[in-house]
Each structure stands twice: as structure tokens, then as C-alpha cells.
Amino acid sequence: MRTPLCDTLGIDAPVVLAPISRGAALAAAVSNAGGLGQFQGSWLSPDGLRETIREARALTARPFAVNLVLEWPQHERLAVLLEEGVRLVSFHWGDPAPYVPAVHAAGGLVLSTVASAEEARQAVAAGVDAVVAQGWEAGGHVRGEVSTLALVPAVVDGVSPVPVIAAGGIADGRTLAAALALGAQAGWVGTRFVATVEAPVHEDYKRRLVGAVETDTLLSTLFDVGWRGAPSRALVNSTVRRWREAGCPPDGSRPGEGEVVARAAEGYEVVRYAADDPLAGMAGEIEAMATYAGQGVALVRDVVPAAAVVRGLVEEARRVLADLAS
Ligand SMILES: Cc1cc2nc3c(=O)[nH]c(=O)nc-3n(C[C@H](O)[C@H](O)[C@H](O)COP(=O)(O)O)c2cc1C
């Protein structure tokens, strides 16, 4: 199952791992399985970023992408990516225009997440090579208010022939087939890959995803310590329930603000309402942290190797499309 974008990106299957973690092993596993692996560069130090890129390169000879969130200036990290030979760079949450020329000058391609056809047109005018249309049902930080089903065809029509990747709710072959039917050239898959063996997140987080259904998430600005005012979708947990029971008070008067709920293996503390998600090695009230998940979480039924997810997505999508054609 190939689309023209697969050729552009140098991948075999129209499956992109969304930047859900800083893990090189997960990114490499997806790339080795024929999809496009990717990791978050946004919060790594320049040296940490360099190290993670080298680690990924030691684990795969295939292409992978690195993501930068433009809520903060990222020129220094982008320079590291390009120095280290990364040629696929994705941006989220900001104007990619100041960053595109450096990537192109290095011979690279830019992917940028959008939440409307208008934003997609602006991204393309800035030189972006492919747009990621992120629907409202997506897990993690979500800017828009339009569902994937309505957004993707609007973006496809708005920027054709620039390729569009669909994000939000793609978690099995049926939803991947639907995204392709809407005109997307690949699926950008987040929540499904959090529940994989290689994802460097806490096991309790993975278990909670497996146990959750489509009504178990909330899009809110509740988990905002470290990233103010940015809506994100996460599982409803004890922190959300306590806040609701208190009448949904604003920042500054939410129950338990400032309480330490967990500690990372490196020793730093995570407070209630922090934007940090539970990483492997953290200890404490893991359940009370921001456990990001999209509404497609209902389709996550097991924790499996990332390669099995890529294979399952492609095989099922192929079957669904063949059944529909007949
Ligand atoms: C745990 C988690 C962390 C995420 N972190 C980022 C990030 O750093 N940068 C980014 O562009 N998107 C991030 N996202 C959003 C994804 O890129 C993507 O839009 C979303 O996961 C797609 O929806 P889905 O979760 O239903 O597959 C994150 C999503 C999750 C679930």
C-alpha cells in the first residue's frame, strides 16, 4: 500500500508515527517496519537531541523525522537537526515560515500540523512540503475544533496537490482506510503507538489506554504547568475528577495545585496539572498525571511491538479497501 507521499518520504507504508515521545527506539522500530518513525525534539537539550538522533541512526538506516513545537523558539534545535543530517522536520503549534528556508537549504522537507484549510494554505505559502491535518479527536495538544472527518477533505481541497497527512483518531486499519478515502496520503498515528512495547512511557499509562473507551478523554487546558493556555486531550483521571468536583475552578484555585504527584528517574518532580506525561521510570501517582489520549483510544486493545501496529494498520486497511471495492 503506497501513496505518492511514500515515495517522497522514502517509506513503504503510509503510516507516520506522531511525535509522542523522545524515544529513538520507538521511532526506529516504526521506520524499520516501513512507516515513518519520529520523535519529539522540543524538550531535549541540544546535546540530548544530537545523542538521540545518533541513537536512532544506529537503530535504523531508514528515514525518520524529528518534531519541534513552535510555542518556543527552536532555531538552535533545528540547527542541531540539520547538522546531524535529519532531513524530515515537522512543526506544530506556530508559524513554520521562519524555519522553512533552513530546512530547504539543507535539502530537507517540512511537515507542518494545521487545524483548518486556511491555516494549511498559509503553511503551503510558507513553503511547507506536506501538511498534517489534525482533527479535534486527536490525543495530546490539539489546537483546532474540527473533527478529522470534516477537516481532512477540506484541507485536501484547500492545498491540492500538496500532500496531506491525516491525524486524529487513526488507530486501526479501518480508520487508516477512511483517512485515505478522504484524500490523505498517510495516517499520522499517536495514541495507538503509545501502547507499544517500545514506547518509553510508564506501563500504567499503557494499561490505562488499553482499558479506556472513546468517552474517557477530555480536551482542556487543565494540564498547563509548563505549557500555559494550550488545549490538550488526555484521559479523565483523578486530577480531572477532583477539579470537576470543586466546580471547575480557574488556574490559581484548582484543588491540589503545586502538589508533587510524581518524580522522574532523573530526580525532577512533577506537580499536579503539569503538562508532563508519565515516562518509564517515574514513580508516584502516575494515574494523576496528564495521560494524553485521543478519542480513538477505544481501538487500542493491547500493548504490542510497534512493528505489529504498522503491519496491522496496513493489512487491515488493505482488506477494508478491497472489500469496499468488491
Ligand atoms: C502522548 C502524546 C504526545 C504528543 N506530543 C506531540 C508533540 O510533541 N508534537 C506534536 O506535533 N504533536 C504531539 N502530539 C499530537 C500528535 O502529533 C497527533 O496529532 C495525535 O496523536 C494524533 O491523534 P491520535 O492520538 O488520535 O492518533 C502528541 C500526542 C500524544 C498522544
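Remember, it's 1-based here, ligands and their atoms both numbered in the order they're listed.
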J.: Name the closest protein heavy atom to atom 21 (O) of ligand 1, giving the residue it belongs to and the distance to 0.1 Å.
T.: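 Protein heavy atom at minimum distance: Gly190 CA, 3.3 Å.
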J.: Salt-bridge test for Arg50 and Glu76: reply yes if a basic N is under 4.0 Å from a carboxylate O, no otherwise.
T.: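 A salt bridge is absent here (no side-chain N lies under 4.0 Å from a carboxylate O).
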J.: In Å and rounded to the nearest 0.5 Å, what is the CG to OG1 distance from Asn67 to Thr113?
T.: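 One gets 7.0 Å once the value is rounded to the nearest 0.5 Å.
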J.: Closest by any non-hydrogen atom to atom 26 (O) of ligand 1: pick that one out of Gly294, Ala199, Ala171, Gly169.
T.: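 That would be Gly169.
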J.: Do the side chains of Ile170 and Val310 join up, straight or via other hydrophobic residues, at under 4.5 Å, putting them in one cluster?
T.: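 Yes, Ile170 and Val310 fall within the same hydrophobic cluster.
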J.: What part of Phe39 sits under 4.0 Å from ligand 1 if we count only heavy atoms: the side chain, the backbone, both or neither?
T.: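 The answer is neither; Phe39 stays 4.0 Å or more away.
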J.: Report the part of Val69 in contact with ligand 1, treating N, CA, C, O as backbone and CB onward as side chain, heavy atoms under 4.0 Å; options are side chain, backbone, both, neither.
T.: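 Answer for Val69: side chain.
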J.: Which ligand 1 atoms does Trp43 reach within 4.0 Å, using its non-hydrogen atoms?
T.: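 It comes down to these atoms of ligand 1: 8 (O).
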J.: I'd like to check which ligand 1 atoms, numbered from 1 as shown, lie under 4.0 Å from a non-hydrogen atom of Gln40.
T.: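 What qualifies from ligand 1 is 3 (C), 4 (C), 5 (N), 6 (C), 7 (C), 8 (O).
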J.: So between Val194, Thr217, Thr175, Ile20, whose heavy atom ends up nearest atom 30 (C) of ligand 1?
T.: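 Shortest heavy-atom distance from atom 30 (C) of ligand 1: Ile20.
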J.: What atoms of ligand 1 come within less than 4.0 Å of a heavy atom belonging to Ala18?
T.: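 Checking each atom against Ala18, I get 16 (C), 17 (O), 18 (C).
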J.: Of all the atoms in ligand 1, which lie at a distance below 4.0 Å from a heavy atom belonging to Asp277?
T.: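 This gives 1 (C) as the contact atoms.
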J.: Testing the 3.5 Å rule here: is there a donor-acceptor pair between the side chains of His104 and Asp129?
T.: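 Distance-only check passes for His104 and Asp129.
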J.: My understanding is that only residues two or more places apart in sequence, or in another chain, count here; which of them pass ring pair (Phe, Tyr, Trp, His ring centres under 6.0 Å) with Phe223?
T.: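 If we apply the ring pair (Phe, Tyr, Trp, His ring centres under 6.0 Å) test to Phe223, skipping adjacent residues, there are no hits.
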J.: Using a 4.0 Å cutoff against the non-hydrogen atoms of Tyr205, which atoms of ligand 1 qualify?
T.: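 Matching atoms, with element in brackets: 1 (C).
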J.: When you measure from the side chain of Glu137 to the backbone of Thr148, do you find a donor-acceptor pair of N or O atoms at a distance under 3.5 Å?
T.: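 Yes; at least one donor-acceptor contact below 3.5 Å.
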J.: Against heavy atoms of Ala138, which atoms of ligand 1 measure under 4.0 Å?
T.: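 That gives atoms 20 (C), 22 (C), 23 (O), 26 (O) of ligand 1.
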J.: Please list, in number order, the atoms of ligand 1 under 4.0 Å from a heavy atom of Thr191.
T.: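 It comes down to these atoms of ligand 1: 24 (P), 25 (O), 26 (O), 27 (O).
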J.: Is the closest heavy-atom distance from Trp136 to ligand 1 below 4.0 Å?
T.: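 No, Trp136 has no heavy atom closer than 4.0 Å to ligand 1.
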